[in-house]
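We number each residue from 1, following the sequence as shown.
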Amino acid sequence: MNHAIPHRLTILVMHHDPLLCAGIVAALRQHAAFEIFVDDIDALRSDEPRVDVIIADYGQAIRLCDPAVRAAHQPLAAARIMGLTSNDREADIRRAIEASIHGYLLLGDPLSELIEGVTTVANGVRYLGRSVAQRMADSLTRASLTSRETEVLRLVMTGESNKAIARRLDIELATVKSHMTAIMTKLNATSRTQAAGIAATRGLVAERVFEPPAPLASRAGLIASRMQLA
């Protein structure tokens with residue numbers, strides 16, 4: 001793919017972890033095609049240069065996928081969003097894709113993918129890191145749980161018995177057992193406990209507690225607001 005760009009890319013790095021943020025900036029500074037800023041979006045002035053790509057943690061990336069949020073900060077109006085996160089479960093990735101995130105990378109992915117991802121999304125093409133793409137490809141080969149099976153599995157994960165589940169969902173005990181058989185078959189599990197563990201690992205039921213979003217006020221201890229790293 002041709003990653004040629006018509007101008008020097010302006011990249012805004014927004015990550016809740018100061019050390020990780022500094023590492024991202026240090027890595028990107030080595031590339032002359034990138035102009036790097038570290039900032040909070042509420043500190044941006046309307047006369048700032050247009051931002052091409054925002055590299056953000058999961059929570060901020062999801063938030064910034066909303067065009068209305070970016071439109072409230074003029075330099076970000078046309079920015080593309082690259083999520084850089086440890087959230088590696090199917091449900092996390094799927095949620096980001098459904099929110100129309102432009103790029104998704106996992107912490108620990110090669111630096112070359114960060115560079116490739118930034119230039120790719122800046123050119124208007126969605127980018128998934130190779131490990132992310134593999135996870136999603138693998139998920140397509142697995143049978144999906146029905147909404148009722150998901151309800152049953154959620155209750156299993158809270159420790160409910162089949163009888164309790166039947167009462168909670170107002171269904172027959174035999175129906176619960178049928179759902180459990182289907183769940184274990186689809187998850188390739190041999191027990192309720194294993195099924196619950198697989199569901200938790202893949203994020204099929206419970207929502208993960210997302211990375212805390214960066215505060216909207218200036219970050220104490222972080223690089224000074226609007227400081228350009230040349």
Side-chain angles (χ1 to χ4, degrees), residues 1-5 8-38 41 51-67 69-70 76 78-142 144 198-204 206-214 229:
M1 180 181 294
N2 182 9
H3 297 300
I5 51 178
R8 194 177 185 205
L9 287 180
T10 300
I11 302 171
L12 180 65
V13 180
M14 301 175 61
H15 207 286
H16 74 279
D17 185 328
L19 291 178
L20 180 56
C21 186
I24 296 169
V25 171
L28 294 177
R29 286 179 63 188
Q30 301 177 38
H31 297 265
F34 301 152
E35 183 175 10
I36 313 300
F37 290 83
V38 179
I41 62 174
V51 173
D52 296 297
V53 178
I54 302 172
I55 299 174
D57 57 63
Y58 192 92
Q60 285 282 32
I62 293 293
R63 177 190 175 208
L64 291 167
C65 281
D66 184 349
V69 174
R70 298 200 305 279
L76 308 184
R80 310 280 291 177
I81 311 303
M82 168 73 74
L84 181 60
T85 174
S86 61
N87 289 19
D88 60 354
R89 302 189 307 179
E90 290 174 37
D92 299 324
I93 299 169
R94 193 176 300 279
R95 179 172 183 250
I97 292 173
E98 290 172 351
S100 298
I101 199 167
H102 305 110
Y104 200 104
L105 287 171
L106 297 178
L107 298 178
D109 283 347
L111 176 59
S112 60
E113 290 193 17
L114 177 61
I115 306 304
E116 181 181 28
V118 166
T119 52
T120 298
V121 301
N123 281 328
V125 179
R126 180 174 286 178
Y127 183 88
L128 299 179
R130 288 168 179 77
S131 57
V132 175
Q134 184 61 56
R135 268 182 176 78
M136 297 313 295
D138 289 344
S139 73
L140 293 176
T141 67
R142 300 168 178 146
S144 299
I198 292 171
T201 299
R202 291 174 54 188
L204 299 181
E207 286 289 333
R208 164 175 286 190
V209 177
F210 302 134
E211 298 163 341
L229 300 179

> For the atom pair CG (Leu111) and CD1 (Ile115), what is the distance rounded to the nearest 0.5 Å?
Replying inline: 5.0 Å
>> Once salt bridge (charged side-chain N to carboxylate O under 4.0 Å, His left out) is applied, what residue pairs with a partner in residues 18-28 remain, sequence neighbours excluded?
In response: none
>> Within this structure, what is the CG-CG distance for the pair Leu84 and Leu20, rounded to the nearest 0.5 Å?
In response: 6.0 Å
>> How long is the straight-line distance from CG of Leu28 back to CZ of Phe37, given to the nearest 0.5 Å?
In response: 13.5 Å
>> Walk me through whether Arg126 and Ile97 qualify under side chain to side chain contact (heavy atoms under 4.5 Å, CB included).
In response: CA-CA 10 Å; Arg126 180 174 286 178; Ile97 292 173; 3.3 Å; yes
>> For Arg130, is there an ion pair with Asp109 - N to carboxylate O distance below 4.0 angstrom?
In response: no
>> Tell me if a side-chain donor or acceptor on Asn123 pairs with a main-chain N or O of Val125 at a distance below 3.5 Å.
In response: no
> Can you name the nearest heavy-atom pair linking Asn87 to Ile93, along with the distance?
Replying inline: O-CG1, 4.2 Å
> Can you tell me how far the CD1 atom of Ile81 sits from the CG atom of Leu64, to the nearest 0.5 Å?
Replying inline: 5.0 Å
> Can you check whether Thr10's main-chain N or O pairs, donor with acceptor, with Asp52's side chain at less than 3.5 Å?
Replying inline: yes
> If you round to the nearest 0.5 Å, how far is CG of Leu12 from CD1 of Ile55?
Replying inline: 9.0 Å
>> If I compare all heavy atoms of Arg135 with all of Leu106, which pair ends up nearest, and what's the gap?
In response: NH1-CD1, 3.7 Å
> Is the side chain of Arg80 donor-acceptor paired with the backbone N or O of His102 at a distance under 3.5 Å, no angle test?
Replying inline: no
>> Between Arg202 (side chain only) and Glu90 (backbone N and O only), is there a donor and an acceptor less than 3.5 Å apart?
In response: no
>> Is it the case that the side chain of Arg8 and the backbone of Ala32 share a donor-acceptor pair, with hydrogens and angles ignored and the cut-off at 3.5 Å?
In response: yes
> In Å, rounded to the nearest 0.5 Å, how long is the span from CZ of Arg29 to CD1 of Ile24?
Replying inline: 14.0 Å
> Which pair of heavy atoms, one from Leu105 and one from Gly129, lies closest together, and at what distance?
Replying inline: CD2-CA, 3.6 Å
>> Is there a side chain to side chain contact (heavy atoms under 4.5 Å, CB included) between Tyr104 and Thr85? Walk through the geometry before answering.
In response: CA-CA 8 Å; Tyr104 200 104; Thr85 174; 3.4 Å; yes
> Minimum heavy-atom separation for Cys65 to Ala99, with atom names?
Replying inline: CB-O, 3.2 Å
>> If you compare all heavy atoms of Val118 against all heavy atoms of Met82, which two are closest, and at what distance to 0.1 Å?
In response: N-CE, 3.7 Å
> What heavy-atom pair brings Ala56 and Gln60 nearest, and what distance separates the two atoms?
Replying inline: CB-CB, 3.8 Å
>> Under the rule for side chain to side chain contact (heavy atoms under 4.5 Å, CB included), what residues qualify as partners of Pro110, not counting sequence neighbours?
In response: Ser112, Glu113
>> Assess whether a salt bridge exists between Asp92 and Arg89, defined as any Lys/Arg side-chain N lying under 4.0 Å from an Asp/Glu carboxylate O.
In response: yes
> Any side-chain heavy-atom pair from Ile36 and Val13 closer than 4.5 angstrom?
Replying inline: yes
